[in-house]
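Presented below is the structure to which this report refers.
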Number of protein chains: 2
Amino acid sequence: MRTLLATMKALSDESRLRALGLLRERELCLCQIVEVLGLATSTVSKHMSVLQQARLVESRKEGRWAYFRLADDEAPTEALGALELALASLDRDKQAKADRRALKAVLKMSAEELCRKQANCKC
Amino acid sequence: MRTLLATMKALSDESRLRALGLLRERELCLCQIVEVLGLATSTVSKHMSVLQQARLVESRKEGRWAYFRLADDEAPTEALGALELALASLDRDKQAKADRRALKAVLKMSAEELCRKQANCKC
DNA sequence: ACGTCGTTTCGCCAATTAACGAAATGTAGA
DNA sequence: TCTACATTTCGTTAATTGGCGAAACGACGT
């Protein structure tokens with residue numbers, strides 16, 4: 001029950017579902033997810049931590065950056081099944097589509113993206 | 001997204017998961033679910049209404065009694081998929097097993113069960 | 001060693017939600 | 001009609017959760 005409950009709780013938030021939709025495209029760094037979701041960094045960090053504890057995503061650190069990706073086959077069946085279900089539903093979702101478009105734009109800039117996000121931008 | 005989110009929210013509560021585990025056995029009346037879960041009638045009624053709005057269960061009225069059963073094939077794919085997933089997980093769950101045992105006992109009494117639940121019991 | 005910067009943790013506030021009992025609803029039987 | 005009773009709705013309270021900014025953390029470059 002614990003696992004199932006944790007999985008469902010993790011998936012019962014719109015921001016977290018959107019994040020999963022983004023990760024479906026490719027592994028992403030926290031700041032890229034932040035940019036698309038338009039939430040405070042600390043908020044998104046918390047969301048990713050919830051998804052991690054539910055074993056829906058995994059992360060790795062590379063220098064100062066934290067990269068997140070969808071869970072692999074070693075995750076509990078509850079997580080894998082629910083993930084598959086959620087991604088299938090997101091595939092047909094309007095908001096998720098818009099997010100994927102926004103992600104494409106973010107991935108193009110990278111340099112300016114970082115700049116705009118920080119207040120010290122001079123562009 | 002709305003449907004997916006509603007489904008996941010409905011499934012992210014232990015009492016509601018337990019109720020689904022009971023309904024897997026057979027169609028049940030509200031008071032039987034109340035008896036097994038050990039919660040106030042009004043609380044369980046609210047839970048069942050949440051499950052209904054997420055299209056995870058359906059209900060019918062027969063006289064003063066409200067009967068609930070798991071959703072049929074006409075429910076949204078999100079609901080059906082999540083339901084299948086949750087039930088599979090509950091199959092292996094300790095608490096769910098205990099609930100099924102408790103349900104068997106409740107189904108046997110029926111008369112006395114109703115009696116005990118109401119404060120006017122004289123047994 | 002020091003400052004910078006991406007991330008995480010912490011503390012707070014607002015919104016949501018589960019729980020209860022009381023009151024309202026609706027149906028069956030006297 | 002009046003009463004009894006299963007269920008639902010309402011109002012309140014306590015706990016949980018999402019959101020933010022500030023502070024702490026940790027790694028890189030100077």
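Hydrogens, waters and symmetry mates play no part in the numbers below; they use all other heavy atoms, side chains included. Reminder, nothing fancy here: chain letters follow the sequence lines and each chain counts from 1.
Computed from coordinates, the B:Trp65 CH2 to D:dT7 C1' distance equals 11 Å when rounded to whole Å. Between A:Lys61 atom NZ and D:dC25 atom P there is a gap of 13 Å when expressed in whole angstrom units. Rounded to whole angstrom, the span from the CD atom of A:Glu35 across to the C1' atom of C:dG6 amounts to 14 Å. Spacing between atom CD of B:Glu62 and atom C1' of C:dG26 amounts to 15 Å, rounded to whole angstrom units. Distance CD (A:Glu14) to C1' (D:dT17): 15 Å, rounded to an integer number of Å. Between B:Leu30 atom CG and C:dT27 atom P the separation is 16 Å, expressed in whole Å. Atom CD1 in A:Ile33 sits about 9 Å away from atom P in C:dT7, given to the nearest Å. In this structure, B:Arg60 places its CZ atom 20 Å from P of C:dG26, rounding to the nearest Å.
Here the side chain of B:Arg16 pairs a donor or acceptor atom with the backbone of B:Lys9 at under 3.5 angstrom.
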Query raised in the report: What is the per-nucleotide protein-contact pattern of nucleotides 15-23 of chain C, from the 5' end, where B denotes a base atom under 4.0 Å from a protein heavy atom, S denotes such proximity for sugar-phosphate atoms only, and - denotes neither?
Result: --SSSBBB-

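The pair A:Arg100-A:Asp93 does not count as a salt bridge, with every side-chain nitrogen at least 4.0 angstrom from each carboxylate oxygen.
For the pair A:Arg24 and A:Leu90, the minimum side-chain heavy-atom distance is 4.5 Å or more. With a 4.5 Å cut-off on side-chain heavy atoms, A:Lys46 and A:Leu39 do not count as touching. For the pair A:Leu107/A:Arg26, a side-chain contact is recorded, criterion being any heavy-atom separation below 4.5 Å from C-beta on. The shortest distance between side-chain heavy atoms of A:Leu28 and A:Val36 does not fall below 4.5 Å.
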Query - Stepwise side chain to side chain contact (heavy atoms under 4.5 Å, CB included) check, B:Leu11 with A:Thr7 - result: CA-CA 9 Å; B:Leu11 291 173; A:Thr7 306; over 6 Å; no

Query - Full working for side chain to side chain contact (heavy atoms under 4.5 Å, CB included) between B:Val50 and B:Asp13 - result: CA-CA 11 Å; B:Val50 170; B:Asp13 176 272; over 6 Å; no

Report task. Apply side chain to side chain contact (heavy atoms under 4.5 Å, CB included) to A:Arg92 and B:Thr77, showing your working. Result -> CA-CA 12 Å; A:Arg92 301 168 243 122; B:Thr77 51; 4.0 Å; yes

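Atom CZ of B:Arg60 sits in a crowded spot, with more than 12 heavy atoms from other residues, nucleotides or ligands closer than 6.0 Å.
Residues from residues 93-100 of chain A placing a heavy atom under 4.0 Å of any atom in DNA chain C do not occur.
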Distances under 3.5 Å only, N/O to N/O: pair up the protein atoms with those of nucleotides 1-3 of chain C.
none

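The shortest heavy-atom contact between A:Leu4 and B:Ala86 is CD2-O, 3.8 Å.
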